Amino acid sequence: MRVALFATCVNDALFPATAVATVRLLERLGVTVDFPAGQTCCGQPQYNTGYRRACEPLLRRMARAFAGYDHVVTPSGSCVAMVRDNYPRIGARATTEGRGTELADLATALVPRVVELTEFLTDVLGVEDVGAYFPHTVTYHPSCHGLRLLGLGERPRRLLGAVRGLELVELPGAEECCGFGGTFAVKNAAVSAAMAEDKIANALGTGASVLCGADNSCLLHLGGTLRRRGAPLRPLHLAEILAGTEEHPWRPS
């Protein structure tokens, strides 16, 4: 099995520890992971803002960078949703406009191989107990793309539930959006901030010490609200919880 890590631009620029944790976790489970240096942004910001044609070179670049791999694994549901939901649309539109089937063919070859981390663990590797140890109280926020577009369901919670030492507490209103929504947070800042405040109030009410998520874009948004409030709650990506063991705790640099 040839597996490539798609780190995503958000993780590469702001949360490199999450990408490192993903590799550490997968290698512990016996997976050989490559990091194609040609990877870049999937095009989600451009697509969401209406610059659909600007995504076409990025689709081509993604297809080239990840050609030949059985699976392309990423710790970001929103980027997986972009590839699965919108790459076929980009290809179909180009074909309809009479510009050939190149983009459609590239999307067809790439899309089935791109998987979110928790999908890869549970559906491809068939594991839920990854041997992790994390002696903290955790509450889990399911991001909208993973919840609604990918249908991740209970996969992340089952993985967390198998972590030794971890106490998982329910997050009230868990399925409500945190308010980030990519460019939504820029275009509708006041609404976005109010939604984050609601989510943080619910998270603080759990008494947990860690707010876990599977998308660092959402955790970036919520983490900013937590820092401004000086709240005693730490945002942390699921991969970083799963990366640590009792013998080798996860300590991001």
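Computed from heavy atoms alone, side chains included, the values below leave out hydrogens, waters and symmetry copies. Predicted model, so just to flag it, every value in this text is computed and none were measured.
- Put simply, the side chain of V3 does not reach to within 4.5 Å of the side chain of D70, judged on heavy atoms.
- Note that the OG1 atom of T245 and the CZ atom of R28 stand 5.5 Å from one another [nearest 0.5 Å].
- With hydrogens and angles ignored, the 3.5 Å screen pairs no side-chain donor or acceptor of K187 with any backbone N or O of T49.
- The pair D34-R2 counts as a salt bridge, with a side-chain nitrogen and a carboxylate oxygen less than 4.0 angstrom apart.
- Here the side chains of E97 and R53 are in contact, with some heavy-atom distance below 4.5 Å.
- Side-chain contact check for C177 versus M195: some heavy-atom pair is nearer than 4.5 Å.
- With rounding to the nearest 0.5 angstrom, the CZ atom of R84 is 14.0 Å from the CZ atom of R89.
- Each of V210 and V169 belongs to its own hydrophobic cluster when Ile, Leu, Val, Met, Phe, Trp and Tyr are linked at side-chain heavy-atom distances under 4.5 angstrom.
- Using a distance-only test at 3.5 Å, with no hydrogens or angles considered, no donor-acceptor pair links the side chain of K199 to the main chain of H141.
- Remark: H237 engages no residue in a ring pair (Phe, Tyr, Trp, His ring centres under 6.0 Å) (not counting sequence neighbours).
- Among residue pairs with one or both ends in residues 96-132, those qualifying as ring-ring contact (aromatic ring centres under 6.0 Å, His included) are H71-F120; sequence neighbours excluded.
- One distance of note links SG of C212 with CG of L219; it measures 7.5 Å at 0.5 Å rounding.
- Taking the centre and axis of the six-membered ring of F66, the NZ or CZ atom of R113 falls outside the cone set by 45° and 6.0 Å.
- A heavy-atom distance below 4.5 Å is found between the side chains of L14 and L220.
- A salt bridge does not link E56 with R61: every distance from a Lys NZ or Arg NE/NH1/NH2 to an Asp or Glu carboxylate oxygen is 4.0 Å or more.
- Using a cutoff of 4.0 Å between basic side-chain nitrogens and carboxylate oxygens, E247 and R164 are not scored as salt-bridged.
- Not one N or O on the side chain of D85 forms a donor-acceptor pair closer than 3.5 Å with the backbone of A81.
- Although no hydrogens or angles enter the test, the distance criterion places a donor-acceptor pair under 3.5 Å between the side chain of S192 and the main chain of G179.
- Side chains of F6 and C42 form a contact here, defined as non-hydrogen atoms less than 4.5 Å apart.
- With rounding to the nearest 0.5 angstrom, the CZ atom of R155 is 12.0 Å from the CG atom of L117.
- Taken from CG in L58 to SG in C9, the straight-line distance is 9.5 Å, to the nearest 0.5 Å.
- Between T206 and L171, the closest side-chain pair of non-hydrogen atoms falls below 4.5 Å.
- For residues 168-177, the side chain to side chain donor-acceptor pair (under 3.5 Å) pairs, not counting sequence neighbours, are R157-E170.
- Counted within 6.0 Å of CZ on F35, heavy atoms from surrounding residues, nucleotides or ligands total more than 12; the atom is thus considered enclosed.
- In plain terms, the two heavy atoms of T8 and C79 that are nearest each other are CG2-SG, 3.7 Å.
- Linking Ile, Leu, Val, Met, Phe, Trp and Tyr whenever their side-chain heavy atoms come within less than 4.5 Å puts L29 and L238 in one cluster.
- Across L150, L159, L242, L160, a single residue satisfies side chain to side chain contact (heavy atoms under 4.5 Å, CB included) together with T118, and that is L159.
- Side-chain polar atoms of T108 and D105 form no donor-acceptor pair below 3.5 angstrom.
- Scanning both residues, S143 and D215, for their nearest heavy atoms gives OG-CB, 3.4 Å.
- Looking at residues two or more places apart in sequence or on another chain, you find a ring pair (Phe, Tyr, Trp, His ring centres under 6.0 Å) between F134 and H136.
- With rounding to the nearest 0.5 Å, the separation of CG in L233 from OG1 in T225 is 11.0 Å.
- Proximity of E116 to S76: side-chain heavy atoms (C-beta onward) are nowhere separated by under 4.5 Å.
- In this structure, C178 and L222 approach most closely via the heavy-atom pair CB-CD2, 3.8 Å.
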Apply side chain to side chain contact (heavy atoms under 4.5 Å, CB included) to residues T74 and V80 and explain how you reach the verdict. CA-CA 7 Å; T74 178; V80 175; 3.1 Å; yes
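- Between A239 and A21 the shortest heavy-atom distance is O-CB, 3.7 Å.
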Could you check I241 against L166 for side chain to side chain contact (heavy atoms under 4.5 Å, CB included), going step by step and ending with a plain yes or no? CA-CA 9 Å; I241 291 177; L166 186 150; 3.8 Å; yes
Would E240 and T18 count as a side chain to side chain donor-acceptor pair (under 3.5 Å) if you check the C-alpha gap in whole Å, the side-chain angles of each, and the deciding distance to 0.1 Å? CA-CA 6 Å; E240 297 186 57; T18 296; 2.9 Å; yes
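- A continuous path of hydrophobic side-chain contacts links V130 to L26 [ILVMFWY only; heavy atoms under 4.5 Å].
- In terms of hydrophobic clustering, with Ile, Leu, Val, Met, Phe, Trp and Tyr side chains grouped at heavy-atom distances under 4.5 Å, L168 and L121 are assigned to a common cluster.
- Evaluation of the ring-ring contact (aromatic ring centres under 6.0 Å, His included) test over residues 152-193, restricted to residues two or more places apart or in two chains, returns F180-H221.
- When the shell of 6.0 Å around CZ of R93 is examined, it contains 12 or fewer heavy atoms from other residues, nucleotides or ligands.
- Between E128 and T122, some side-chain heavy-atom pair lies under the 4.5 Å cut-off.
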The test is side chain to side chain contact (heavy atoms under 4.5 Å, CB included); show your working for L106 and E102 and say whether it passes. CA-CA 6 Å; L106 290 174; E102 177 209 8; 3.9 Å; yes
Please determine whether side chain to side chain contact (heavy atoms under 4.5 Å, CB included) holds for the pair M62 and C41, giving the CA-CA distance in whole Å, both sets of side-chain angles, and the decisive distance to 0.1 Å. CA-CA 8 Å; M62 285 278 291; C41 179; over 6 Å; no
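- Side-chain N or O atoms of Q39 include one that pairs as donor or acceptor with a backbone N or O of P36 at under 3.5 Å.
- What you find for C55 and I90 is that their closest heavy atoms are CB-CD1, 3.8 Å.
- Here the side chain of D129 pairs a donor or acceptor atom with the backbone of G131 at under 3.5 angstrom.
- A54 and P57 make their closest contact through O-CD, 3.4 Å (heavy atoms, listed as atom of the first residue, atom of the second, distance).
- Looking at residues two or more places apart in sequence or on another chain, you find no ring pair (Phe, Tyr, Trp, His ring centres under 6.0 Å) involving Y133.
- Cluster annotation: V138 is not connected to F15 through the hydrophobic network of ILVMFWY side chains, with a link wherever side-chain heavy atoms come within less than 4.5 Å.
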